[in-house]
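The structure appears right after this line, and notes come after that.
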Amino acid sequence: MKLSNKSQALYDMIAPAVQACGVDLWGIEFLPQGKRSLLRIYIDRPVDENAEPVINEDGEVEQGRGIGVQDCVRVTQQVGAMLDVHDPISGEYSLEVSSPGWDRPFFQLEQLQSYIGQQVALRLIAAVENRRKFQAKLLAVDLENEEIKVEVEGKHVLDIDSNNIDKANLIYQD
């Protein structure tokens with residue numbers, strides 16, 4: 001779950017601009033695609049169960065949780081202006097800003113801790129038990145040893161090194 005050097009540099013540059021908009025930077029994806037690259041920014045906000053619903057300037061009802069369209073617009077404007085000044089991406093690029101959504105991708109091991117007991121989709125760098133892709137129940141997150149414990153198909157329990165995780169997503173279940 002490590003970012004590339006370029007992605008880490010972009011993350012470090014973008015984080016203060018996102019925080020200035022009053023939201024948290026959940027993660028980024030930088031996808032160089034020849035002449036036109038893609039920078040995708042995921043933003044989130046902690047849930048406040050006790051917040052009273054309010055109507056924002058666009059007439060949307062905000063329940064004290066989640067990300068709204070205006071949050072994405074503010075972050076796009078703030079980060080876009082900062083990227084125009086510092087110009088860290090050579091060539092053309094598209095900037096996308098969104099919430100992580102129901103099937104949220106995970107970018108840091110710490111993010112997984114809130115989802116213990118839920119189903120996750122994993123894509124590994126190196127195969128474990130001859131598989132690189134798993135859908136599994138997240139059993140534990142060990143920050144000290146940088147690994148996770150998952151249960152695959154209700155049978156096998158595996159310890160997976162976080163440095164072997166290429167991609168991890170929550171599997172939405174209602």
Item to check | Phe30 and Ser37: CA distance, side-chain angles, deciding distance, side chain to side chain contact (heavy atoms under 4.5 Å, CB included) verdict | outcome: CA-CA 7 Å; Phe30 177 64; Ser37 299; 3.8 Å; yes
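- Taking the six-membered ring for Trp and the full ring otherwise, Tyr42 and Phe107 have centroids separated by under 6.0 Å.
- Within the 4.5 Å cutoff, side-chain heavy atoms of Leu138 are placed close to those of Ile148.
- A salt bridge between Asp71 and Arg45 is present, with a side-chain N of the basic residue lying under 4.0 Å from a carboxylate O of the acidic one.
- Here CG of Leu109 is found 7.0 Å from CD1 of Ile165. Values are rounded to the nearest 0.5 Å.
- Under the side-chain hydrogen bond (donor to acceptor under 3.5 Å, both in side chains) criterion, Gln173 pairs with no residue at all, not counting sequence neighbours.
- Between Ile125 and Asn163 the shortest heavy-atom distance is CD1-O, 3.4 Å.
- One hydrophobic cluster holds both Leu143 and Ile116 under the rule that ILVMFWY side chains link at heavy-atom gaps under 4.5 Å.
- The distance from the CG atom of Leu170 to the CG atom of Asp103 is 7.5 Å, given to the nearest 0.5 Å.
- When side chains are defined from C-beta on, Val73 does not count as touching Thr76, because their heavy atoms never get closer than 4.5 Å.
- The cluster map of Ile, Leu, Val, Met, Phe, Trp and Tyr, joined by side-chain heavy atoms under 4.5 Å apart, puts Val79 and Leu3 in the same cluster.
- The ring-ring contact (aromatic ring centres under 6.0 Å, His included) contacts involving residues 79-106 comprise Trp102-Tyr172, Phe106-Tyr115, where partners must be two or more places apart or lie in separate chains.
- Arg104 is not listed as a side-chain neighbour of Asn169, based on a closest heavy-atom distance of 4.5 Å or more.
- Under the 4.5 Å side-chain heavy-atom criterion for grouping Ile, Leu, Val, Met, Phe, Trp and Tyr, Val120 is connected to Val141 within one hydrophobic cluster.
- Annotation: the span from Ile41 atom CD1 to Glu96 atom CD amounts to 10.0 Å, rounded to 0.5 Å.
- A heavy-atom distance below 4.5 Å is not found between the side chains of Gln78 and Val18.
- When all heavy atoms of Ala136 and Val150 are compared, the pair lying nearest together is CB-CB, 3.7 Å.
- If you check the side chains of Ser94 and Arg36, you find a donor sitting under 3.5 Å from an acceptor.
- Taken together through direct or relayed side-chain contacts under 4.5 Å among Ile, Leu, Val, Met, Phe, Trp and Tyr, Leu38 and Leu83 form parts of separate hydrophobic clusters.
- Summarising the local packing, NZ of Lys133 is surrounded by 12 or fewer heavy atoms from other residues, nucleotides or ligands at distances under 6.0 Å.
- Distance check, rounded to the nearest 0.5 Å: NZ of Lys6 to CG of Leu10 gives 5.5 Å.
- Considering all non-hydrogen atoms of both residues, Leu158 and Glu129 come closest at CD2-OE2, 3.3 Å.
- In Asn5, the CG atom is not crowded: 12 or fewer heavy atoms of neighbouring residues, nucleotides or ligands sit closer than 6.0 Å.
- Each of Gln119, Lys149, Gln118 was scored for a side-chain contact (heavy atoms from CB on, under 4.5 Å) with Lys137, with one residue passing: Gln119.
- Closest of all the heavy-atom pairs between Ile43 and Val97 is CD1-CG1, 3.9 Å.
- Here SG of Cys21 is found 10.0 Å from CD1 of Ile67. Values are rounded to the nearest 0.5 Å.
- Trp26 and Pro105 get closest at one heavy-atom pair: NE1-O, 2.6 Å.
- Under 4.0 Å is where a charged nitrogen must lie from a carboxylate oxygen, and between Glu153 and Arg131 at least one such pair does.
- No side-chain heavy atom of Glu146 sits under 4.5 Å from any side-chain heavy atom of Asp142.
- Here the closest non-hydrogen pair linking Ser98 and Cys72 is CA-SG, 3.8 Å.
- Put simply, CE on Met13 and CD1 on Ile28 are 10.0 Å apart, with the number rounded to the nearest 0.5 Å.
- At least one side-chain heavy atom of Ile14 sits under 4.5 Å from a side-chain heavy atom of Leu39.
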